[in-house]
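Taking it in order: structure first as structure tokens, then the write-up.
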Amino acid sequence: MARRRGRVEMRRIEDRVSRQVRFSKRRSGLFKKAFELSLLCDAEVALLVFSPAGKLYEYASASIEDTYNRYQQFSGEGRNMNDDQNKNNNKDEASSDLQLMLSEIAAWSPQSNADESDVNELEKMENLLRNALKDTRSRKMQMLAKQNSGASTSDLKSEGATSQEQGTA
């Protein structure tokens with residue numbers, strides 16, 4: 001008689017050791033599925049996972065940077081609010097766009113302009129802040145990925161080999 005697994009209650013695991021073990025097992029399963037999806041379906045997959053301790057684990061069937069840039073093109077996120085300006089994937093231009101957004105934000109003083117601004121101006125400022133935050137996070141993620149790519153990529157390759165040797169459970 002086959003033993004069936006029960007439904008897992010979705011809540012935080014309180015025991016630190018059990019939580020770490022569960023994280024490790026689920027992370028391995030997630031990376032295995034990402035690998036299988038990219039291999040079987042010829043899909044471009046990029047996966048970033050940060051452990052509770054802040055360690056970065058990544059998997060990419062192609063370059064993570066290329067996949068992320070492709071994602072930004074499709075999602076429309078990170079585009080400049082002025083549609084007439086075309087963004088290139090050049091890092092220097094992205095950096096200067098971010099600097100431009102930040103200088104616009106700095107020039108807009110909430111104390112002096114908030115009471116005088118209409119809804120459209122406030123909405124424009126909200127979008128500008130949101131885009132600047134997304135660009136900043138994106139740049140941070142790229143820098144973290146570059147810092148940790150050597151160690152985490154080798155970790156993943158050894159994990160992938162181990163999980164492939166074991167087969168599916």
Once you round to the nearest 0.5 Å, how far does [atom1] of [X] lie from [atom2] of [Y]?
| X | Y | atom1 | atom2 | result |
| --- | --- | --- | --- | --- |
| Gln20 | Arg27 | CD | CZ | 7.5 Å |
| Leu30 | Phe35 | CG | CZ | 14.0 Å |
| Thr136 | Met141 | OG1 | CE | 13.5 Å |
| Arg139 | Gln142 | CZ | CD | 7.5 Å |

What residues form a side-chain hydrogen bond (donor to acceptor under 3.5 Å, both in side chains) with [X], not counting sequence neighbours?
| X | value |
| --- | --- |
| Ser61 | none |
| Asp42 | none |
| Glu44 | Thr67, Arg70 |

Sorted by chain and number, sequence neighbours left out, salt bridge (Lys or Arg N to Asp or Glu O under 4.0 Å) with Arg11 holds for Glu9
Please identify each residue that fulfils salt bridge (Lys or Arg N to Asp or Glu O under 4.0 Å) with Arg12, with sequence neighbours left out. Glu14
Using atom types as modelled, flag every donor-acceptor pair under 3.5 Å from a side chain in residues 45-53 to any protein atom, sequence neighbours excluded.
residue, atom, partner, partner atom, Å
Ser51, OG, Ala53, N, 3.3
Ser51, OG, Gly54, N, 3.3
Ser51, OG, Lys55, N, 3.0

Quick one: does any side-chain atom of Ser24 pair with a main-chain N or O of Val21 as donor and acceptor, under 3.5 Å? no
Go through the steps to decide whether Tyr68 and Ser63 satisfy the test side-chain hydrogen bond (donor to acceptor under 3.5 Å, both in side chains), and finish with yes or no. CA-CA 9 Å; Tyr68 180 73; Ser63 163; over 6 Å; no
Might you point out which heavy atoms bring Ile13 and Arg19 nearest each other, and give the distance in Å? O-NH1, 2.5 Å
